[in-house]
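This report refers to the structure that appears directly beneath it.
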Amino acid sequence: MCGRFSMAEDFAVLEKLFNLEPVDFPLKPRYNIAPTQDVPVVIWEGGRRLKLFRWGLIPAWAKDPAIGQKMINARAETVDQKPSFKNLLFRRRCLVLADGFYEWEKTGGKKIPYRIVLKNRKPFAFAGLYDIWQDSGGRMLYSCTIITTEANKLIRSIHDRMPVILNNKAISVWLDLGIKDIALLKNLLVPYPEEEMDIYEVAPLVNSPRVDIPQCIEPVKRLF
DNA sequence: CCAGACGTTGTT
DNA sequence: GTCTGG
DNA sequence: CCAGACGTTGTT
DNA sequence: GTCTGG
């Protein structure tokens, strides 16, 4: 699963790396992003546009936006079958930008946080879906979900699910809403190669969603 | 037909 | 135990 | 995802 | 909106 991640990179770097249209708002570095918070996403609007959407998908038909707290992930295996996601797969695909994500290893009564990054330490893109919800006053609320798949060998050591990360080629396909071939799209929703990733233990201070400081992404230093 | 749910994860 | 808030 | 709250009444 | 259960 993916229930927490980081995105501390400057937007200028993201512009260059992902070929974005000029970004006209500042991005604060985030070391511990939790569900219900705004996350940087990219959608196609005559170019790759960076936006901030709320994490936790609130479907257009929802009466209570609280449902979004349960929709932080969508399973790749069933995303084309679930009523909540099926249509979005064709109409509202997005990227969610990150530079690392957290998974917790649960053994016995203990819970140890780990951070997973790319070996090249560059930001990357999760495969996401979004929707637009309107409150009673007609105010639009954009929200998104991150697609998950089975864990690769590296991550399987602590957890059996991981978010889908798209390489450059897959990013272009995912953002092209002209592409509606389900098989083609689902082929993108696979585990990222473990040989291109690193994993390391971090301090439990990351557990609290209120803590959003650089120490969240630092490796735990052992005393021996 | 209408009513009611619509999700994931982990654990048991 | 389960739900809500971050 | 984890942390933290979880209730009512009446009074200010 | 769309699917499932009754």
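First the proteins, then the strands, lettered A, B, ... as listed; each starts at 1.
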Reading nucleotides 2-9 of chain B from the 5' end, what letters show protein touch, with B for base, S for backbone sugar-phosphate only, - for no heavy atom under 4.0 Å?
----BBSS
Rounded off to whole Å, could you give me the [atom1]-to-[atom2] distance for the [X] and [N] pair?
X        : N     : atom1 : atom2 : result
A/Gln37  : C/dG5 : CD    : P     : 14 Å
A/Ile146 : D/dC1 : CD1   : P     : 13 Å
A/Ile116 : D/dC1 : CD1   : C1'   : 12 Å
A/Tyr31  : C/dG6 : OH    : C1'   : 19 Å
A/Asp64  : C/dG5 : CG    : C1'   : 13 Å
A/Arg210 : C/dT4 : CZ    : P     : 17 Å
A/Asn87  : E/dT2 : CG    : P     : 5 Å
A/Asp80  : E/dT2 : CG    : P     : 15 Å

Working note: A/Arg161 + A/Thr148, criterion side chain to side chain donor-acceptor pair (under 3.5 Å); need CA distance, chi angles, decisive distance, verdict.
CA-CA 7 Å; A/Arg161 304 287 299 172; A/Thr148 62; 3.3 Å; yes
Is there side-chain contact between A/Trp174 and A/Leu185, with heavy atoms separated by less than 4.5 Å?
yes
Any non-hydrogen side-chain atom of A/Asp131 less than 4.5 Å from a side-chain atom of A/Phe85?
no
Determine the Euclidean distance between corresponding [atom1] atoms of [M] and [N]; express it in Å to zero decimal places.
N      : M     : atom1 : value
B/dT12 : E/dG1 : C1'   : 35 Å
B/dT8  : C/dT2 : C1'   : 16 Å
C/dT4  : D/dG7 : P     : 10 Å
D/dC2  : B/dT9 : C1'   : 13 Å

Near A/Lys169 NZ, under 6.0 Å, is it more than 12 heavy atoms from other residues, nucleotides or ligands?
no
Any salt bridge between [X] and [Y], counting N to O under 4.0 Å?
X        : Y        : value
A/Asp198 : A/Arg121 : yes
A/Asp38  : A/Arg54  : no
A/Lys51  : A/Glu45  : yes

Using a 4.0 Å heavy-atom cut-off, does A/Ser208 contact any base of the nucleic acid, only the sugar-phosphate backbone, or nothing at all?
sugar-phosphate
Counting any heavy atom closer than 4.0 Å, what does A/Ile72 reach on the DNA or RNA strands: base, sugar-phosphate only, or nothing?
base
Kindly assign one of parallel, tilted or perpendicular to the pair A/Trp104 and A/Tyr102, based on the angle between their ring planes and the thresholds 30° and 60°.
tilted
Given E/dG1, is OP1 or OP2 found less than 4.0 Å from the side-chain N or O atoms of A/Lys86?
no
Is there a donor N/O on one and an acceptor N/O on the other, under 3.5 Å, for the side chain of A/Thr36 and the base of C/dG6?
yes
Check for me whether the distance between the ring centres of A/Phe126 and A/Trp55 falls short of 6.0 Å.
no
For DNA chain D, what string of dots and brackets results from 5' to 3' when Watson-Crick and G-U pairs need both distances under 3.5 Å, crossing pairs get [ ], and pairs with another strand get |?
||||||......
Partner residues of A/Arg115 under the salt bridge (charged side-chain N to carboxylate O under 4.0 Å, His left out) criterion, sequence neighbours left out
A/Asp99
